[in-house]
Protein chains: 2
Amino acid sequence: MKKTKNINQLDHLKQICNKAGIKLTHQRLEIYKEIIAQKDHPSAELIHQRLQEKVPTMAIDTVYRTLATFEELGIVKKLNIHSAKTLFDANMDQHHHFVCTQCNLVEDIYWPEFDSSRLPDTLSAMGQIQSRHLELHGICKKCNSTVE
Amino acid sequence: MKKTKNINQLDHLKQICNKAGIKLTHQRLEIYKEIIAQKDHPSAELIHQRLQEKVPTMAIDTVYRTLATFEELGIVKKLNIHSAKTLFDANMDQHHHFVCTQCNLVEDIYWPEFDSSRLPDTLSAMGQIQSRHLELHGICKKCNSTVE
DNA sequence: AATCTATTGACAATGATTCCCATTAAGTTT
DNA sequence: AAACTTAATGGGAATCATTGTCAATAGATT
């Protein structure tokens with residue numbers, strides 16, 4: 001059972017790598033198996049730590065690089081709005097954000113109907129919900145009109 | 001007109017600082033005016049740059065500290081899920097996140113009805129929307145039951 | 001097996017953010 | 001208004017996450 005699953009994972013990644021024209025390396029496979037196995041939201045550092053036992057020589061750089069590759073391949077997604085920098089918002093009214101995936105523009109969105117709507121019971125059962133924030137990603141008007 | 005507005009801003013911040021028992025410093029006032037004036041989502045660095053002319057001696061450190069203070073006072077909000085570290089998600093199914101404000105737990109949320117619902121025209125008018133991501137913040141069950 | 005070249009590991013470098021501490025300046029008291 | 005108290009600032013060093021560089025290594029191909 002377990003063996004079958006592992007083989008499938010390997011095959012799956014092999015297939016992805018082939019299609020993308022990149023090599024299936026030991027490191028990529030181990031990282032792949034690790035992130036598939038764990039159902040949480042690890043940082044690059046945590047993944048590196050978790051692989052210490054299995055692949056003690058793996059450099060943290062490789063984890064970052066592999067994760068970036070995996071993101072391009074659609075295997076993982078980064079959480080967080082942009083990358084590093086923290087942004088601040090002085091608008092404390094209840095609102096949401098539209099983020100342009102091209103120029104990184106952030107625009108405020110108001111949607112009071114959504115704010116006051118009741119969440120499905122499954123969601124409110126997660127805990128005591130304090131706030132909700134919707135993030136829409138897309139191409140803003142300006143970028144859309146600037147066709148290259 | 002402008003003068004009146006400035007006085008009001010000063011008074012407003014003075015009131016907030018008094019209530020919080022902290023000093024109303026020149027730096028805090030300038031940063032306050034800056035973030036109130038601009039309707040965008042600046043980084044600490046950008047705020048620092050913008051204040052170069054007016055307060056050329058202000059240290060970037062002060063901007064960070066002041067912003068942190070302002071966040072506690074409810075004057076600004078940080079965008080971004082956590083602070084620094086980027087988290088990765090290997091779950092590529094359309095889903096959303098619940099984030100515990102206490103223990104930083106991140107849990108997946110599924111809400112297909114929302115995913116397939118039509119957005120108000122005002123929102124879809126922002127641009128060509130590619131994805132939507134809802135982030136619920138609150139206290140998770142475990143933290144809620146661990147009453148101190 | 002030999003070859004080609006992407007990928008890795010090690011380490012330096014960068015960028016964002018925070019810590020430390022002597023100096024400065026709000027807010028308070030005299 | 002001058003003196004005082006202590007929080008807050010400025011500046012530089014330190015830290016943390018992430019990325020760049022490059023020689024050595026190991027997939028993939030022949």
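What you see below is based on every heavy atom in this structure, not just the backbone, and it leaves out hydrogens, waters and symmetry mates. Since the structure is predicted, the reported quantities are computational estimates derived from the model, not experimental observations. Letters A, B, ... are given to chains in the order of the sequence lines, protein chains preceding strands, and every chain is numbered from 1.
- The salt bridge (charged side-chain N to carboxylate O under 4.0 Å, His left out) test applied to Lys19(A) returns no partner, not counting sequence neighbours.
- In this view, Arg132(B) satisfies the salt bridge (charged side-chain N to carboxylate O under 4.0 Å, His left out) rule with no residue, not counting sequence neighbours.
- A distance-only check finds a donor-acceptor pair linking the side chain of His48(A) to the backbone of Met58(A) [under 3.5 Å].
- Annotation: proximity of residues 17-30 of chain A to DNA chain D (heavy atom, distance under 4.0 Å) is found for Lys23(A), Leu24(A), numbered in ascending order.
- For the side chain to side chain donor-acceptor pair (under 3.5 Å) with His97(A), the lone residue among His133(A), His137(A), Glu107(A) that qualifies is His133(A).
- Atom-to-atom, CE of Met58(B) to P of dA8(D) comes out at 15 Å; the value is rounded to the nearest Å.
- The listed nucleotides are dG9(C), dA10(C), dA17(D); the one nearest the side chain of Asp61(A) is dA10(C).
- The neighbour count for Gln15(A) CD, taken as heavy atoms of other residues, nucleotides or ligands under 6.0 Å away, does not exceed 12.
- Of the side-chain N and O atoms in Tyr64(A), none sit less than 4.0 angstrom from OP1 or OP2 of dT19(D).
- Rounded to an integer number of Å, the gap from NE2 of His48(B) to P of dG10(D) is 8 Å.
- Between Gln15(A) atom CD and dA28(D) atom P the separation is 14 Å, expressed in whole Å.
- Residue Arg65(A) places a side-chain atom within donor-acceptor reach of the base of dG9(C), judged by atom type and a 3.5 Å distance cut-off alone.
- Atoms CG (Leu46(B)) and P (dG15(C)) sit 16 Å apart, rounded to a whole Å.
- At whole-Å resolution of the value, CG in Leu10(B) and C1' in dA26(C) are 13 Å apart.
- Between Leu13(A) and Leu29(A), the shortest heavy-atom distance links the atoms CD2-CA, 3.6 Å.
- The nearest whole Å value for the distance from the CG atom in Leu51(A) to the C1' atom in dT8(C) is 15 Å.
- Rounded to whole Å, atom P of dC20(C) lies 19 Å from atom CD1 of Ile60(B).
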